Each structure stands twice: as structure tokens, then as C-alpha cells.
Participant: 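Input: one structure, supplied below.
Indexing begins at 1, ligand by ligand and atom by atom, following the structure's order. Just so it is clear, the structure is predicted and the values come from calculations on it, not from any experiment.
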Amino acid sequence: MLCLLLWPLYTGTASAHVGKSAALSSLPAPAGQYGLPFAASPGPDTWLMGQFYGNTTFAYEQRRSLYGNGQGMHFGLDFSAPCGTPVVAITDGVVSEVDGPHGSGPHNLVITHPDGLSSLYGHLLNKAAVKVGQRVRRGEVVALSGDSQETCVSEPHLHLEIRDHSHQLLLNPVGYLQADWASLGLADPDMDSAGFQQDLRQPGVWQFPEDQPGVRLHGPLLNNFAQPWPPPTPSTPVRK
Ligand SMILES: [Zn+2]
């Protein structure tokens with residue numbers, strides 16, 4: 001019953017896009033039940049927020065390319081961290097993929113959790129030193145963070161996703177991870193990629209870290225806005 005009550009609040013306007021399928025409604029609602037993917041406290045020498053999940057301005061710019069398969073949304077959380085930062089499991093589970101087919105290279109890891117959700121840890125430094133089928137506990141080191149550009153000086157960060165077991169639905173991790181998101185959002189001086197894109201015809205929609213739509217892989221774009229703000233760059237024309 002709790003799940004049924006919370007779910008419409010969480011999905012917000014996204015429910016019109018994703019729908020209330022039986023599979024979706026059976027997934028656990030976000031309740032701060034998981035931990036962060038790092039044991040260390042945030043800070044300039046450890047990790048900071050890089051980009052939130054959802055309708056970020058960066059995702060809007062990349063809605064037809066990098067994030068085209070994810071309805072134009074950034075379908076994970078980015079944590080800026082030096083290469084080699086230990087990554088920990090956000091909750092108990094079983095390793096289901098090491099360098100599996102679900103993207104976020106050069107190396108990734110998927111842990112399946114008994115509550116019906118999975119966590120994907122992406123852009124890892126090297127192949128995770130855990131085995132498929134291995135049980136891991138919340139807080140256990142499972143991998144080392146890397147760089148999506150594989151340089152360790154360009155974009156070193158961890159990309160974290162929350163998925164359903166079918167890998168068709170991607171959910172906003174913010175509600176599931178226990179953290180002071182308001183403070184984390186202010187901590188990174190490089191916040192140009194963490195702001196949210198506006199549609200001036202729907203002001204206020206999807207403007208906060210906790211208020212972002214669920215994503216169905218290969219579904220239609222959610223952010224092909226009629227009147228976007230900031231204005232799109234010339235390389236990303238509106239509605240073409
Ligand atoms: Zn990312």
C-alpha cells in the first residue's frame with residue numbers, strides 16, 4: 001500500500017509517459033533504502049556530484065545522440081571521482097554482470113538486488129574483481145572508478161544506474177540513496193552539466209534532483225521541448 005501511495009508522487013508527470021504497468025507498480029518505491037556508492041565522505045579529494053539523473057541541460061543537448069536510447073534523459077547519476085576510487089555496493093545483492101552488454105564502458109558491473117531492482121556501476125577503471133554469482137554486501141568494495149574517456153584526466157567519474165531486472169526501466173537513484181542531495185548539488189564548482197533544462201511552456205517541470213521521470217529504454221523522447229531554455233545550441237535544433 002505504501003508503494004501505491006508513493007509511486008505517483010515519485011513519477012510525477014512522467015507517469016503519463018511510462019504508465020502504471022504491473023511491472024512498474026511492483027517495483028519498490030524510493031525510500032532512501034540504499035547507501036552511496038563510495039565509503040568516503042564527499043569532498044574535493046574524494047568525490048563530488050558531477051551530473052544528476054534526468055532532464056539535465058547536458059542530456060537535453062545530447063538527447064538525440066548519447067542519451068537517445070534513454071528518452072533523452074541522463075539515466076544515471078554521475079559522481080566525479082579520481083580514477084581508482086573504491087566503489088562500494090549500494091545494498092546487498094548478487095553480481096549478475098561483469099562487463100555486460102548494458103553500456104557505460106570501458107568496464108561496467110551490475111548487481112542484482114532481491115527487492116526487484118539492479119544497480120549498474122559504469123565507466124570503471126578496469127574489469128571488476130568480482131565474479132558473476134558472487135554475493136556482495138552493502139558497503140563492500142566491488143570495483144574502482146574510472147573515466148568514460150579512458151584518460152583519467154578528462155572525465156573521471158562513476159555513472160550509477162538503478163534498473164529493473166528486465167533492464168527496460170531506469171529509475172532516478174536520488175530517492176533510493178540516502179544522502180543530503182541539496183548539499184551535494186551545491187558542492188561541485190563545475191555545475192554546468194548539473195542544471196536542468198526548462199520548457200518555458202511547462203515551467204517548473206523536472207527541475208529538481210528528486211523530481212525526474214523514470215525512463216523506458218528505446219521509448220520516445222521526453223524532453224523534445226517546444227520552447228527550451230537555455231536555448232539549444234545550433235548543433236541541436238528544436239523539433240527536427
Ligand atoms: Zn552518466
Participant: Would you check if the distance from the ring center of Phe52 to the ring center of His74 is below 6.0 Å?
Facilitator: no

Participant: Is the Zn ion (ligand 1) less than 2.8 Å from at least one N/O/S atom of His157?
Facilitator: no

Participant: Tell me, which N, O or S atom in Asp78 is closest to the Zn ion (ligand 1)?
Facilitator: OD1

Participant: If you define the side chain from C-beta out and look only at heavy atoms, does anything of Pro106 sit under 4.5 Å from Leu124?
Facilitator: no

Participant: Just checking Phe38 against Phe79, ring centres under 6.0 Å apart?
Facilitator: yes

Participant: Side-chain contact, heavy-atom cut-off 4.5 Å: Leu217 with Leu170?
Facilitator: yes

Participant: For the Zn ion (ligand 1), give me the closest N/O/S atom belonging to His159, just the atom name.
Facilitator: ND1

